[in-house]
There are 2 protein chains.
Amino acid sequence: MSHDPLSKRRLKIWIRLLGVTRTAEGALREFLRLGHDTTLPRFDVLAALYRRRDGVTMSELSRMLLVSNGNATTVVDRLEKDGLVRRTQSDSDRRTVFVALTPEGLAQFEGLAAEHEAQVNALFSGLTEADLDTLTDILKRMGGPK
Amino acid sequence: MSHDPLSKRRLKIWIRLLGVTRTAEGALREFLRLGHDTTLPRFDVLAALYRRRDGVTMSELSRMLLVSNGNATTVVDRLEKDGLVRRTQSDSDRRTVFVALTPEGLAQFEGLAAEHEAQVNALFSGLTEADLDTLTDILKRMGGPK
DNA sequence: CAAAACAATTTCAAGTTTGAAATTTATGGG
DNA sequence: CCCATAAATTTCAAACTTGAAATTGTTTTG
């Protein structure tokens, strides 16, 4: 248990990283609210289901979004009530539930995706191609989902 | 409104950044819960008040933490009820409220800070000194508070 | 096979978070 | 001075989030 001279710097980086993330999240939340009357968690679910068009189980969904199972359940509940996603029971394992976009959900996401990407692009317009290379490499070494 | 070839890469970086942040937050949350029976938002408030030992206004606090005023109010309410922080009304402007650590709050934070730093240090042990230099530079260009 | 162990999801209570509205206090211009 | 506006905080409803417990279904194993 020796004293690591980099420890304080790693802590500072973490604080700064949190600042960047929260600021960007705030901007995206505002964009979704003002421009499209929706929220970040809803958008995240739609985006995950768009990437896996054939549907995913509830467990896969919560792993993809890095949220608890209970959380995935409630967000999907609301989206289902609004007709944007659909639940289907698995035939082979009746514990398992698949979730997928409905046509309405697909339409809503497609209407959002391009603008969302443009927002992110604008938020991080300061990053050059070289930055992106470097950052990709560093972020890989910072852990994240497996 | 031209097509930016870096746009998709910036989006990918954002997704990855969120993954790193949420994973680290999850680990820190678990550490605080299992090891110290507390939560991340509570820790964040204590840390902010530790950095500004003379006290801060509620508005300053929510700006420091990048959360809404209403959020700051409720977290401070609970910490106050537990005797870890204290509210004081300003004499010069009776709208303004100062918040500061109590001796108990100070003690709790000091008992936590070193372990918290060690956790963060372990989470990001993959970062070399050169990484830290590079990352600091890049994060500055990614916005963040102010 | 029956029981125990395991797995997927939901439910639940408590806490967190937001954004808007309400409250209280200060300030500036007529 | 008076009123409109602004500022600091709290309140509030709704949504989000977690982690633990409960439910239901599957698998393993004695």
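Worth saying up front: this structure is predicted, and the values here are computed from it rather than measured. Protein chains get the first letters and strands the later ones, always in sequence-line order, with residue 1 at the start of each. We use all heavy atoms of the structure for the numbers below, so side chains are in, but hydrogens, waters and symmetry mates are not.
Protein atom CG of B:Leu65 is 14 Å distant from nucleotide atom P of D:dT9, rounded to whole Å. Between the CD atom of B:Glu25 and the C1' atom of C:dT16 there is a distance of 12 Å, rounded to whole Å. In this structure, B:Leu61 places its CG atom 10 Å from P of D:dT10, rounding to the nearest Å. Rounded to an integer number of Å, the gap from B:Phe43 CZ to C:dG15 C1' is 18 Å. Rounded to whole Å, atom C1' of C:dA14 lies 14 Å from atom CG of B:Asp82. In this structure, A:Phe98 places its CZ atom 11 Å from C1' of C:dA8, rounding to the nearest Å. Protein atom CD of A:Glu80 is 9 Å distant from nucleotide atom P of C:dT10, rounded to whole Å. At whole-Å resolution of the value, CD in B:Gln89 and C1' in C:dA26 are 13 Å apart.
Ring pair B:Trp14/A:Phe124 is tilted by interplanar angle, where 30° to 60° counts as tilted.
In this structure, A:Arg53 places its CZ atom where more than 12 heavy-atom neighbours from other residues, nucleotides or ligands lie under 6.0 Å away.
If you run side chain to side chain donor-acceptor pair (under 3.5 Å) between B:His36 and each of B:Glu115, B:Gln108, B:Arg42, only B:Glu115 comes through.
Contacts of A:Ser59 with the nucleic acid, taken as non-hydrogen atoms under 4.0 Å apart, involve only primed sugar atoms and P, OP1 or OP2.
For the pair A:Asp137 and A:Arg141, the salt-bridge criterion is met [side-chain N within less than 4.0 Å of a carboxylate O].
In plain terms, the two heavy atoms of A:Gly55 and A:Ala100 that are nearest each other are CA-CB, 4.0 Å.
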- Note on the structure: For nucleotides 16-26 of chain D, 5' to 3', base contacts (B), sugar-phosphate-only contacts (S) and non-contacts (-) with protein non-hydrogen atoms under 4.0 Å give SBBBS----BS
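Atom CZ in A:Arg10 sits 8.5 Å away from atom OG1 in B:Thr128 (nearest 0.5 Å).
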